[in-house]
Participant: 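Structure in structure tokens, see below.
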Amino acid sequence: MYQKVSILIIEDEKSICDFISKTLSSSGEYKTASAVNGKDGLAMITSMLPDLVLLDLGLPDMDGIEIITKTREWSSLPIIVISARTQEKEKIMALDAGADDYITKPFGTGELLARIRTAIRHNNKIANDVVKSNRPYSAKGLTIDFEKRLVILNGEEIHLTRVEYKIVSLLAKNSGKVLTYDTLIEQVWGPYADDNNRILRVNMANIRRKLELNPGEPQYIFTELGVGYRMVEDEGL
Ligand code: CA
């Protein structure tokens, strides 16, 4: 039988919690449960094993980061953080602690549903296709063939430096998700690299000059201000 996706909402603001529950229930694809503090939230993650968690970072009894860290000790279930616009540092901490994505208050129904779909699809992908992980990335006329290390834009091969290719392929393999500056720097230059973002920004500027029609209004790699970069989602063609 068709099973609804179960989502646990951990959020102490009742109006936000109600808005999310209603949005998700009325889509017909999801069933929800909610907790208003961290202690109940953690207990419910273990008891109900939800398919996804929506987590507010500012909880009355506990920092949401702690919930991420504790959950990541035993589970890879998708966690989307709900955060306020001014909490750049917290978003980064949450992503580095193992959150899959974040959504900034106030957010709309469409954005919420899209984030949830992406996180769940991504999680399934990781679980199901370790073998197929070299399947090419493709979106909006851009194709990246990971086996041949080829980047094709509208039929033409784009020449990227080794570092540029590494950045683009990391973003493409995690498309739809934001990767923090620190994650990218560590993955590309190693754990002992200078955590100054400058070299990453320089490379990104060069990548955009090669990929984007208008580097000021990118359509492939988006800047998540103060946090990192997100690549447009793979269309799976
Ligand atoms: Ca709160």
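In listed order, ligands and their atoms are each counted from 1. Because only heavy atoms are used, hydrogens play no part in the values below, and waters and symmetry mates are left out as well, while side chains stay in.
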Participant: Anything protein N/O/S under 3.0 Å from the Ca ion (ligand 1)? Just list residue and atom, please.
Facilitator: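 Only D12 OD1, D56 OD2, G58 O fall inside 3.0 Å of the Ca ion (ligand 1).
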Participant: Is there a side-chain hydrogen bond (donor to acceptor under 3.5 Å, both in side chains) between Y102 and E224? Walk through the geometry before answering.
Facilitator: CA-CA 11 Å; Y102 64 82; E224 297 284 334; 2.8 Å; yes
Participant: Would you call E29-R117 a salt bridge at under 4.0 Å N-O?
Facilitator: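 No.
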Participant: Salt bridge check, K105 against E13: does any charged N sit closer than 4.0 Å to a carboxylate O?
Facilitator: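 Between K105 and E13 there is a salt bridge, with a charged N closer than 4.0 Å to a carboxylate O.
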Participant: For R135, is there an ion pair with D234 - N to carboxylate O distance below 4.0 angstrom?
Facilitator: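 Yes.
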Participant: Answer yes or no: is there an ion pair linking K14 with D18, defined by an N-O contact shorter than 4.0 Å?
Facilitator: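 Salt bridge: yes.
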Participant: What orientation do Y181 and Y229 show, parallel under 30°, tilted 30 to 60°, or perpendicular over 60°?
Facilitator: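 Answer is perpendicular, since the angle exceeds 60°.
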